[in-house]
Each structure stands twice: as C-alpha cells, then as structure tokens.
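Nothing fancy with the numbering, it's 1 onward along the sequence. We use all heavy atoms of the structure for the numbers below, so side chains are in, but hydrogens, waters and symmetry mates are not.
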Amino acid sequence: MIAILDYDAGNIKSVEKAFQYLGEEAVITSDRDIIMASDGAVLPGVGAFGLAMDKINSRGLDKVIHEYVDTGKPFLGICLGLQLFFEKSEESPEAVGLGLLKGTITKIPEISPEGEHLKVPQIGWNSIEVNPSSRLLKGLGDNPYVYFVHSYYLQAENRDEVAATTHYSVSIDAAVEKGNIMATQFHPEKSSDVGLKILTNYIELTKAKN
C-alpha cells in the first residue's frame, strides 16, 4: 500500500489515480499509523513553499515524515514535494523546510544567461537527462520527456544525489535520489507512459524493501 500524504496540497487525486491505474492500492491520509504501516509514502504538492510547510506542521506531518524516512522505506516527493525536502526556498524566506537534503531553491530567471526571454512558470513538456545510476528513473530511454509546472527550481548541494537534470533558462536539478529519499520536480502522474514507468519503478522499490 502507498500512503499519499494529505495536507491539502492540490494534486493528490491525480497521484492516487495513477497508482490505482497501475494496480497498486493507494490511500490519501494524514493518519500517522496508516502512513507508518504503508510500503511507500508520497509527498505531492502544488502552491507556495511557506503555506505548504505551515499545513504540514499544523498536522504534525513534519515529525511523521522524519519518522517514516528513518524506517528506510521509499519516500517520494513530487513537484513542490521535492522542494519541501530541502531547508528553505527563496519563495518563502521565513519558512523552514523538512531538511532531508541540502540545496537551494530559487526563482527561475525570466531571462536566460544567453539573453533569451522565457515564460515563468515553466509549464509543459521538457526532456530530462537521467543519471544512469538512478533506480527511480531506470529504463526511461534517452532524454525522455516529462511534464513540469514550476516557478522555482533546485540546485542540489551534493551532486551525487542528482538523479536527473533539465534546462529551462538555466540548468535545473529535476530529480534527486539519496537512499530511500527520492523526488521529482516534474509530475510523473501527468507524464504519460514515461511517468507510469517511473511510478512502476517506485512501486517495485517499495516491494523490494519488504
């Protein structure tokens, strides 16, 4: 069973439907006991960093997340969920993130270093360059396309934790992976067959842990 953490985050139902389409039981919940008993847990999210952390903290999910990560079972962040894994974001300077990984979250420049004007947020399909050692992103082929919706982006401090990169105005760390902690800036649940393959990989990781 996959627990999808419920903190009024937006795109939760589409994540649930994607797992169900793959034949995996998924439950939307903020109940600690259900989350801790699950084979895998997912932190989705859309919206602002600070507001999301306020909601997570108000439900006590910050402590549950750290407790869950300590079990060694696979924990997946999606979109804003990836950004929340880090300590802070330029979007909400006063907010403190989960601090699971180290890096900076900053605004995508509307003018690239080459002088190109781009729309921010990045909305739509973009290709990613996958780290061949990634377990979450294995078997996707060369430069697969995935679906993004975001205005802020990650630059990970530890480069060996970067599972994929993309380019939109600047180089963006599009996915990270460290032990049982993994996350994508893009939306697997909206990324067609490529996204379903990623979620299938994640399901397999939850089974392997057990």
Side-chain angles (χ1 to χ4, degrees), residues 1-87 89 91-92 95-101 105 135-137 146-147 149-150 154 163 175-191 195-210:
M1 181 187 73
I2 306 294
I4 302 169
L5 275 59
D6 181 11
Y7 63 103
D8 192 23
N11 65 319
I12 287 181
K13 292 298 292 184
S14 58
V15 176
E16 178 190 38
K17 288 179 180 178
F19 279 114
Q20 291 173 344
Y21 178 83
L22 293 170
E24 181 67 20
E25 181 183 1
V27 58
I28 296 172
T29 183
S30 57
D31 184 280
R32 178 209 171 267
D33 292 340
I34 294 174
I35 294 168
M36 294 303 297
S38 67
D39 302 316
V42 180
L43 182 69
V46 295
F49 186 98
L51 181 59
M53 281 308 308
D54 285 345
K55 291 180 177 180
I56 286 171
N57 294 339
S58 69
R59 299 188 183 198
L61 286 173
D62 53 330
K63 298 179 179 62
V64 177
I65 288 168
H66 282 275
E67 189 178 358
Y68 190 88
V69 167
D70 287 344
T71 68
K73 292 188 286 189
F75 187 63
L76 174 65
I78 295 175
C79 194
L80 179 62
L82 171 142
Q83 298 178 16
L84 297 173
F85 281 14
F86 293 82
E87 295 175 336
S89 170
E91 181 180 24
S92 307
V96 178
L98 294 168
L100 298 173
L101 300 170
I105 309 293
R135 297 163 297 153
L136 181 66
L137 306 180
V146 291
Y147 192 81
V149 182
H150 65 124
L154 166 67
V176 289
E177 192 172 325
K178 179 185 179 183
N180 63 316
I181 301 170
M182 50 201 72
T184 64
Q185 179 62 69
F186 54 87
H187 289 271
E189 78 282 6
K190 298 180 180 179
S191 296
L196 291 176
K197 171 60 176 169
I198 293 169
L199 295 180
T200 298
N201 289 343
Y202 178 71
I203 292 168
E204 290 175 353
L205 289 169
T206 70
K207 307 302 183 187
K209 178 61 185 176
N210 297 307

For Asn201, give me all partners under side-chain hydrogen bond (donor to acceptor under 3.5 Å, both in side chains), at least two apart in sequence or on another chain. Lys197
Could you check whether Arg135 pairs with Glu204 (Lys NZ or Arg NE/NH1/NH2 to Asp/Glu carboxylate O, under 4.0 Å)? no
Quick one: does any side-chain atom of Asn180 pair with a main-chain N or O of Lys73 as donor and acceptor, under 3.5 Å? yes
So Phe75 and Phe85, would you call those rings parallel, tilted or perpendicular, with 30° and 60° as cut-offs? parallel
So which heavy atom on Ile35 is nearest to which on Leu61, and how close? CD1-CD2, 3.8 Å
For Leu22 versus Leu196, what's the shortest heavy-atom pair and its separation? CD1-O, 3.8 Å
Knowing that exactly one of Val42, Leu76, Val15 qualifies, which makes a side-chain contact (heavy atoms from CB on, under 4.5 Å) with Ile2? Val42
Closest approach of Tyr7 and Pro44, non-hydrogen atoms and distance? OH-O, 2.6 Å
Closest contact, heavy atoms only, Val96 versus Phe49: C-CE2, 4.4 Å
Between Asp6 and Arg59, does at least one N-O distance fall below 4.0 Å, as a salt bridge requires? yes
For Ser38 versus Ala3, what's the shortest heavy-atom pair and its separation? OG-CB, 3.6 Å
Let's go through Glu25 and Gln20 carefully: what are the C-alpha distance in whole Å and the side-chain angles of both, what is the deciding distance for side-chain hydrogen bond (donor to acceptor under 3.5 Å, both in side chains) to 0.1 Å, and is it a yes or a no? CA-CA 6 Å; Glu25 181 183 1; Gln20 291 173 344; over 6 Å; no
Do you know which two heavy atoms are closest between Gly40 and Thr206, and how far apart they sit? CA-CG2, 3.8 Å
Can you check side-chain contact (heavy atoms from CB on, under 4.5 Å) on Leu43 and Leu82, steps first, answer last? CA-CA 8 Å; Leu43 182 69; Leu82 171 142; over 6 Å; no
Going by side-chain hydrogen bond (donor to acceptor under 3.5 Å, both in side chains), name the residues that satisfy it together with Lys190, two or more places apart in sequence or in a different chain. none
Under-4.0 Å salt bridge between Lys207 and Glu24: yes
